[in-house]
Amino acid sequence: MPADGPRTAPLPHARMRLDELLDELQARVDAAQSTRDRVHGLFEAVLSVGRELELDQALRRVVEAGAALVDARYAALGVIGSDGRTLSRFLTVGVSEEEAAALGPAPSGHGLLGELIRHPEPLRLAELSDHPAAQGLPPGHPPMRTFLGVPVRVRDEVFGNLYLAEKRGGGEFDTEDEVVLATLAVAAGVAIDNARLYEEARQRQRWLQAGAEVTGSLLSGSPQAQVLGLIAERAREITGAAVADVAVPLPHGDELVVELAVGDGAADREGLVLPCAGTLTGAAYSGGVPVSSPDVRCDPRITVGPLRGSGLGPAVAVPMGAAAGQARGVLMLARLPGEPPFGQEEIRPLLGFAGQAGLALELADHRRDAEQLAILEDRDRIARDLHDLAIQRLFATGMTLQSAGRFIDHPEAADRVRRAVDDLDDTVKIIRSAIFGLRARERGSGRSLRSRAARLVDEAAAVLGFAPRLRMEGLLDTGVAAAVADQVAAALGEALANAARHARARRVDVLLEATGDRVALTVEDDGVGIPEGGRRSGLRNLAERAEQLGGALLLESPPGGGTRLTWCAPLSDRAA
């Protein structure tokens with residue numbers, strides 16, 4: 001066997017080739033490791049986004065995950081508004097709150113941000129300022145050069161766009177970054193859809209609970225003012241509105257009065273009379289459909305009313321009933337400036353809630369009508385009993401005393417008997433007047449002063465939100481001349497209208513009495529009183545009515561606050 005020769009050393013070029021192969025292998029291992037880490041990061045991001053059921057939290061997770069996956073310094077998610085052309089929300093990562101405040105209002109979707117709205121396709125730029133749609137960065141904005149944007153779709157709808165800028169390390173966003181971000185956008189669309197469905201289900205449940213609460217409160221006999229307050233408060237809570245008003249139509253139908261208000265400035269809005277023209281509330285009542293405004297500060301349709309110059313922003317008014325001009329009232333909600341406007345997804349359940357509340361109010365009215373019918377039937381029975389029993393017995397007693405007076409020799413005793421007979425006669429007249437008033441009120445079309453006063457008080461209850469207390473004394477139907485009774489009824493209607501429009505009262509007491517030679521009407525409330533320098537045309541009319549009859553009008557402030565109005569006139573029409 002030949003002897004082993006000496007070993008030869010590897011050639012230099014062979015050693016270089018081996019180093020290159022090892023470097024390439026290491027690079028592939030590093031790339032595989034990076035790809036694995038990135039896929040793992042994408043998987044974790046998808047899981048993190050998908051776990052969120054709150055929409056705001058889900059959107060925030062999407063922005064944070066996008067910035068982390070492509071190693072971007074700045075990230076933002078723009079939500080497209082209902083008009084399909086601008087951004088309604090803009091969430092950012094990488095910009096501090098101080099920097100965002102210094103930049104001013106959030107972008108609305110112009111320039112390069114609007115390019116993805118108009119063309120919802122991935123957009124990758126090595127130099128942001130080179131794109132034709134770029135309009136430059138505002139003063140104080142952080143410098144941005146590289147850019148990557150992808151649309152976020154929810155089912156077949158473009159929900160918004162994910163914007164990334166300024167890749168860390170000074171590099172550019174590559175194709176792999178675009179693929180990763182597009183994959184995240186698909187997962188984000190599913191998560192956003194789930195969060196929206198979850199939020200809609202929660203909102204629907206809250207509306208149903210609020211409707212059941214309103215219906216239960218009405219059917220349990222709660223005062224209408226309390227129920228209206230419940231309607232306004234629940235609607236404000238669910239929609240996140242700053243203020244809520246419930247307005248009801250006045251009898252003539254051309255104006256509405258703010259029956260109840262909640263939120264800031266509620267005391268200033270309650271009792272305000274709103275025309276149907278030039279107000280959001282009036283437009284909803286006249287048209288019978290919801291009317292919304294993205295910003296009441298610059299809406300040309302709003303020319304009068306509390307919304308004008310109120311400092312509020314988005315608002316919506318929905319009728320509490322279905323048919324135009326037949327709604328029970330209008331529910332108005334308004335948010336602060338800068339908050340999102342009321343979209344159709346909010347207006348639809350709000351309209352259903354308002355309609356259900358209107359139906360509940362109507363059912364409560366029918367129930368009150370049934371109770372009133374029972375009361376009227378009971379009054380009719382009382383009237384029959386008074387006529388058939390009490391009057392007959394009083395008349396018989398008077399006849400007996402009158403006959404007995406012939407056998408009384410003592411002059412003073414005979415005079416007392418005669419006075420007793422006269423008192424019994426007056427008592428019979430009073431009872432007959434009361435019977436006539438009861439039956440006239442039952443018919444509902446009686447011209448007696450008692451029935452007219454009762455009807456005016458009933459009508460005022462719908463505007464005031466509560467039933468005023470009514471007390472009547474004396475021979476109102478037999479002792480008051482017809483012309484005077486007309487003026488008394490007009491004065492009562494004017495006084496109740498003033499209380500509904502201006503007093504903001506929780507209690508109104510009405511006393512109507514015919515005593516001696518005059519008829520007196522007293523209307524007292526616990527409201528805000530009569531302001532100095534306020535309009536007094538209604539009070540002037542009341543005073544003129546009294547003076548024409550030879551009477552007078554007296555205004556007082558009771559010790560507990562409010563207003564006491566006393567209107568009096570002679571029983572006979574002296575002006576005639």
Side-chain angles (χ1 to χ4, degrees), residues 49-62 77 79-84 87-89 91 152-160 188-218 227-246 260 262-263 280 284 289-294 312-322 329-361:
V49 171
R51 279 194 294 263
E52 295 294 341
L53 289 178
E54 296 287 345
L55 181 59
D56 289 343
Q57 290 297 327
L59 297 179
R60 177 62 60 182
R61 289 278 190 180
V62 170
L77 177 63
V79 180
I80 300 177
S82 57
D83 59 0
L87 298 176
S88 61
R89 298 183 63 187
L91 292 82
V152 177
R153 288 182 169 85
V154 176
R155 301 184 185 180
D156 296 331
E157 168 196 0
V158 178
F159 176 81
V190 175
I192 291 170
D193 191 29
N194 289 337
R196 281 169 45 169
L197 292 174
Y198 175 72
E199 181 64 23
E200 288 176 6
R202 287 183 58 192
Q203 288 291 86
R204 191 178 302 112
Q205 183 180 11
R206 294 182 69 185
W207 283 120
L208 290 174
Q209 290 177 345
E213 190 175 358
V214 170
T215 303
S217 180
L218 276 169
V227 177
L228 292 178
L230 182 63
I231 292 171
E233 191 60 50
R234 292 296 177 266
R236 186 174 75 97
E237 291 174 357
I238 295 175
T239 60
V243 301
D245 293 350
V246 176
L260 191 136
V262 295
L280 207 68
V289 294
V291 180
S292 61
S293 172
L312 296 170
V316 63
V318 295
M320 297 171 62
V330 176
L331 174 62
M332 189 283 298
L333 302 167
R335 289 174 173 153
L336 296 175
E339 296 188 356
F342 292 88
Q344 288 300 318
E345 68 279 359
E346 289 182 292
I347 295 177
R348 280 192 297 268
L350 176 61
L351 180 61
F353 171 72
Q356 183 181 2
L359 179 61
L361 288 171

Testing the basics here: between [X] and [Y], what is the closest heavy-atom pair and its distance to 0.1 Å?
X      : Y      : value
Ala354 : Pro319 : CB-O, 3.7 Å
Ala334 : Leu312 : CB-CD1, 3.6 Å
Gly211 : Phe353 : N-CE1, 3.7 Å
Leu59  : Val79  : CD1-CG2, 4.3 Å
Gly229 : Leu260 : CA-CD2, 3.3 Å
Ala235 : Leu331 : CB-CD2, 3.7 Å

Item to check | Side-chain heavy atoms of Val246 within contact of Val330, under 4.5 Å | outcome: no
Item to check | Note, Leu197 side chain near Glu200 side chain (heavy atom, < 4.5 Å) | outcome: yes
Atom pair [atom1] ([X]) and [atom2] ([Y]), whose distance is rounded to the nearest 0.5 Å:
X      : Y      : atom1 : atom2 : answer
Leu87  : Ile80  : CG    : CD1   : 7.0 Å
Gln203 : Ile238 : CD    : CD1   : 6.5 Å
Leu351 : Arg348 : CG    : CZ    : 10.5 Å

Checklist outcome for this item: Test salt bridge (charged side-chain N to carboxylate O under 4.0 Å, His left out), reference Glu346, set Arg204, Arg335, Arg206, output is Arg335
Can you list, pair by pair, the side-chain donor-acceptor contacts under 3.5 Å of residues 336-345, counting residues two or more places apart and other chains?
none

Checklist outcome for this item: With sequence neighbours left out, the residues meeting salt bridge (charged side-chain N to carboxylate O under 4.0 Å, His left out) with Arg89 are Asp56
Next on the checklist: Show every salt bridge (charged side-chain N to carboxylate O under 4.0 Å, His left out) that has at least one partner inside residues 232-243, sequence neighbours left out.
Outcome noted: Glu213-Arg234, Glu233-Arg236, Arg234-Glu237
